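Keep in mind that what you see is a predicted model, and the values were worked out from it rather than measured. Letters A, B, ... are given to chains in the order of the sequence lines, protein chains preceding strands, and every chain is numbered from 1.
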Amino acid sequence: MTPSTHPPAHSPFLQGLNPKQLEAVTLPPEPALILAGAGSGKTRVLTTRIAWLIATGQTSPLGVLAVTFTNKAAREMMGRLSAMLPINLKGMWVGTFHGLCNRLLRAHHKDAALPATFQILDSQDQLAAIKRLMKSVGENPENDAQKPKELQRFINGFKERGMRPQAITSADSYNQKFIELYQLYEDQCQREGVVDFGELLLRSVELLSRNTALRDHYRSRFQHVLVDEFQDTNPLQYLWLKALSTPETGLFAVGDDDQSIYAFRGADVANMRRFEREFAVQHLIKLEQNYRSHGHILEAANQLIANNQGRMGKNLWTDAGVGDPIRVMEAPSDLMESSFIVEDIRALIQEGYSRDEIAILYRSNAQSRVIEQSLFNAGIAYKVYGGLRFFERAEIKHALAYLRLMENPHEDTAFLRVVNFPMRGIGARSIEMLADEAKRQGSSLYTASGLLDGKAGTAIRGFVQTIESLRFETQGLTLPRLVETMLERSQLIAHYEKDREGRERIENLRELITAAAAFMVELGQPADFPATAQADADTMSPLAAFLSHASLEAGDNQAGEGERAVQLMTVHAAKGLEFKAVYVTGLEEGLFPHQQSADDPDGLEEERRLMYVAITRARERLSISLAQTRMLHGQTRYNMRSRFLDELPEGCLKWLSPKRSHRSVVGEAWDTPRMGGYSAGGGHPPAHLGNAGFGTVGVARPPALASAKGHESGFAVGQRVGHARFGEGVVTGFEGAGPDAKIQVSFRQAGSKWLALSVVKLEAL
DNA sequence: TAATTAGCAATTTTT
DNA sequence: TTGCTAATTA
């Protein structure tokens, strides 16, 4: 199709788009890959294209499939669309991969070999199911507690690649046992009528490839398939997209290979190249104009990411000015790093910055503690993102388990969760007997309870009776009333009332009623619609929908007071957000880039992308900091300056502390010997930036320093050493003095270890 | 059955 | 150091 044959570009939505954005929005319905840099108006392009396609009559709302990763992004898209289009968006397929798969599988549950009431396991539930499985096959005893988590990773890893147990060859895995357990896990899920997250996708892909009539139905319906954050898709999601599209589908993928930071959970940037190749993409458009950050910030981001190999290639630019330089601060300790940041934030607030326009980013959650402490002491409101979410709380999961059993009594995970919670005298012994019976019958625990005699049977049947009568009593009730009745009859609230630490839990349980009411509004159902009734054959009952919602959207996860608060989060959590002022902390080797990623080139590139994401969050003011010493796992660590700092262009930086010419705190054995290293033992501590305006915060105890000559032990940081048991390694630090002195060695095989110098026998290599 | 203690690991995380 | 889980004890 040539540009002249597809509809002209007049539409009110198109105003204000830059030429590249306009080109992307109005592309013909052919496979297209939009490389959308940070802050380049990605979401706007995506939503405007949908609006334009519909408004110009090229497709109907039902002809569009738009998929994202998070519910938040999906809601954002919906919000923008409804602002642009005066149409009913209800029937539109806009959502997350998992949400849309759920929708598909509910509509075709028979073809997918699932019960209508199938339940979704979140990661917690999945792990519980795996533990139970391992126990049932006698797989648990002396094995370490990591095993279930390992198996979970194993299963999810293969599902993410679209592989069933049968598809795994010995080349894929050395562990035959895991393959068997994977199969048993699948059997168990099937028996109970539950699906995990990966299964939602995999089942959908298999359904579509098996049932060609169904596949063709959806293929002809969805003339346009739009994908957000394409760089984060895993191979299975790629297969899903492939299953839903033909060469005629307007497959419109938007992503940024430089912002791919989820490889650890299966994302594969290679999907971008694969898409380009397999779909013979003729339209590759780069959105490089950035509307977010000042020049210095972008320049630094560009220079940093240029160190990665195999990029698709992209350079952000702005027509805003260069702005302030990036401020860099090397503090003597993590404590002083945070007090520097807090002092700086105080000044920003004075200047008129709103607290919620300020973010502090870190590589790992453990770093937040010190920062929180400083903010707390300074009396600055802050909000930490991360941690338990609403639907993940124990009391909420308990309540949901009751609801799930009302829907699908054969879900043993839910059954076991609440069969004796609150306590009703059903102990481990009774449950064991029940499990044996269920195994004999090949049935669910719920079914088996009818066959169990003796005291155990009576007690368990009492529980089953509770569920049954609950189901009976709540007929015709609205969702909030149903939840309320469940809380009453299950005695959950009564149980927590007896607990003197149960107040918050009760509040949360009451909040669940509110959440149910809010959910009805979201559904657009009348408030008096019965919870277990279906509006039509293709629609889930409010209760079923609510349970899906609870599994697929765990809710908010912020803690902290108030609205206008300084935002604390990991760099991962910051993706997609922007702030006027950003502090990126902990630019230290071993932390950022993280130790576990540093040895592997791919891992290192992902860390670099992470830093790229961090930098590009800032609009006006970016500060980067590091600490020479950091308390980690109860021990003081001496870290080198991150290599990423040295990859930033000097011209964009302003050092607030004296910049060291070398990266190591503890001497230069690493580099070529040079004069001026800090001397060991009796020497003075490094000139700890007392001149940077926060010299009063206290002086850190000087680290046990080693000079170019080395530590008192005769070893030096960076030196290669050998150990009889651990093999070859590199000295990475020292701690303490005299008989307590310890040496840190990073062994090639055994990893990093702290060893007592008085004991350990190391050989210099 | 609850409560205490010991042991142990320790990026990043959405669905 | 912390935070979690499993094991042990009252």
Colleague: Provide, to the nearest angstrom, the distance between the CD atom belonging to A:Gln152 and the C1' atom belonging to B:dT13.
Modeller: 12 Å
Colleague: Quick one: label A:Glu607 by what it contacts on the DNA or RNA (base, sugar-phosphate, nothing), any heavy atom closer than 4.0 Å.
Modeller: base
Colleague: Using the P atom in both, what is the distance from C:dT5 to B:dT12, to the nearest Å?
Modeller: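 So the two P atoms sit 16 Å from each other.
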Colleague: Nearest to the side chain of A:Asn71 - B:dT1, B:dT15, B:dA10?
Modeller: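 The nucleotide sitting nearest to the side chain is B:dT15.
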Colleague: Which nucleotide, B:dT15, B:dA10, B:dA2, lies nearest any side-chain atom of A:Arg389?
Modeller: B:dT15
Colleague: Give none if B:dA6 has no partner; otherwise give the nucleotide forming a Watson-Crick or G-U wobble pair with it, both distances under 3.5 Å.
Modeller: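 C:dT5 - that is the nucleotide pairing with B:dA6, both distances being under 3.5 Å.
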Colleague: Do the side chains of A:Asp196 and A:Arg203 get close enough for a salt bridge, i.e. N-O under 4.0 angstrom?
Modeller: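 So A:Asp196 does not pair with A:Arg203 through a salt bridge.
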Colleague: To the nearest Å, how far apart are A:Arg363 CZ and B:dT13 P?
Modeller: 9 Å
Colleague: Of the listed nucleotides (C:dA6, B:dT12, B:dA2), which one gets closest to any side-chain atom of A:Met423?
Modeller: B:dA2
Colleague: Using whole Å, what does the distance between atom C1' of nucleotide C:dC4 and atom CG of A:Asn365 come to?
Modeller: 15 Å
Colleague: Hey, is A:His572 stacking on B:dT12? Ring centres under 5.5 Å, planes under 30°.
Modeller: no
Colleague: Whole angstrom is fine here: how far is it from CD in A:Glu392 over to P in B:dT14?
Modeller: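 One finds 8 Å between P of B:dT14 and CD of A:Glu392, rounded.
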Colleague: Indicate yes or no: does A:Glu392 engage A:Lys397 in a salt bridge with an N to O separation below 4.0 Å.
Modeller: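 Not counted as a salt bridge, because no side-chain N and carboxylate O are separated by less than 4.0 Å.
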Colleague: Is A:Ser597 touching bases, backbone alone, or none of the nucleic acid, heavy atoms closer than 4.0 Å?
Modeller: base
Colleague: Which is it for B:dT11, anti or syn, if anything within 90° of zero counts as syn?
Modeller: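 This nucleotide is in syn.
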Colleague: Taking any heavy-atom pair under 4.0 Å as a contact, classify A:Tyr262: base, sugar-phosphate, or nothing.
Modeller: sugar-phosphate
Colleague: Let's see if you can work this out: which of B:dT12, B:dT15, C:dG3 has an atom nearest to the side-chain heavy atoms of A:Phe264?
Modeller: B:dT12
Colleague: Quick check on A:Gln124: does its CD atom have over 12 non-hydrogen neighbours (other residues, nucleotides or ligands) under 6.0 Å away?
Modeller: yes
Colleague: Looking at B:dT15, B:dT13, B:dT12, which one has an atom nearest to any side-chain atom of A:Arg265?
Modeller: B:dT13
Colleague: Which of the following nucleotides, C:dT1, C:dT2, C:dA6, is nearest to the side chain of A:Arg369?
Modeller: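 Looking only at side-chain atoms, A:Arg369 lies closest to C:dT2.
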Colleague: Using whole Å, report how far CG of A:Leu200 lies from C1' of B:dT15.
Modeller: 8 Å
Colleague: Considering every strand and a 4.0 Å limit on heavy-atom distances, what is the contact class for A:Asp196: base, sugar-phosphate, or nothing?
Modeller: nothing
Colleague: Round to the nearest Å and state the distance from A:Glu150 atom CD to B:dA9 atom P.
Modeller: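 Distance check: A:Glu150 CD to B:dA9 P gives 12 Å.
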Colleague: With a distance cut-off below 6.0 Å to the six-membered ring centre and an angular limit of 45° from the axis, does A:Arg609 pair with A:Tyr612 as a cation-pi contact?
Modeller: no
Colleague: Taking the side chain as C-beta and beyond, is there a heavy-atom pair between A:Lys147 and A:Ile130 under 4.5 Å?
Modeller: no
Colleague: Confirm from the modelled atom types if A:Thr96 and B:dT14 form a donor-acceptor pair under 3.5 Å, side chain to base only.
Modeller: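 Under the 3.5 Å cut-off, the side chain and the base do not form any donor-acceptor pair.
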Colleague: Between A:Thr570 and B:dT11, is there a side-chain N or O to OP1/OP2 distance below 4.0 Å?
Modeller: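 Answer is no, no contact under 4.0 Å.
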Colleague: Please compare A:Asn420 and A:Glu606 by the position of their nearest nucleotide in DNA chain B and report the one closer to 5'.
Modeller: A:Asn420
Colleague: How many whole angstroms separate atom CD1 of A:Ile426 from atom P of B:dT1?
Modeller: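 So the two atoms are 10 Å apart, to the nearest Å.
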Colleague: Without decimals, in angstroms, what is the distance between A:Asn234 CG and B:dT12 C1'?
Modeller: 17 Å
Colleague: Any carboxylate oxygen within less than 4.0 angstrom of a Lys/Arg side-chain nitrogen, looking at A:Glu192 and A:Arg132?
Modeller: yes
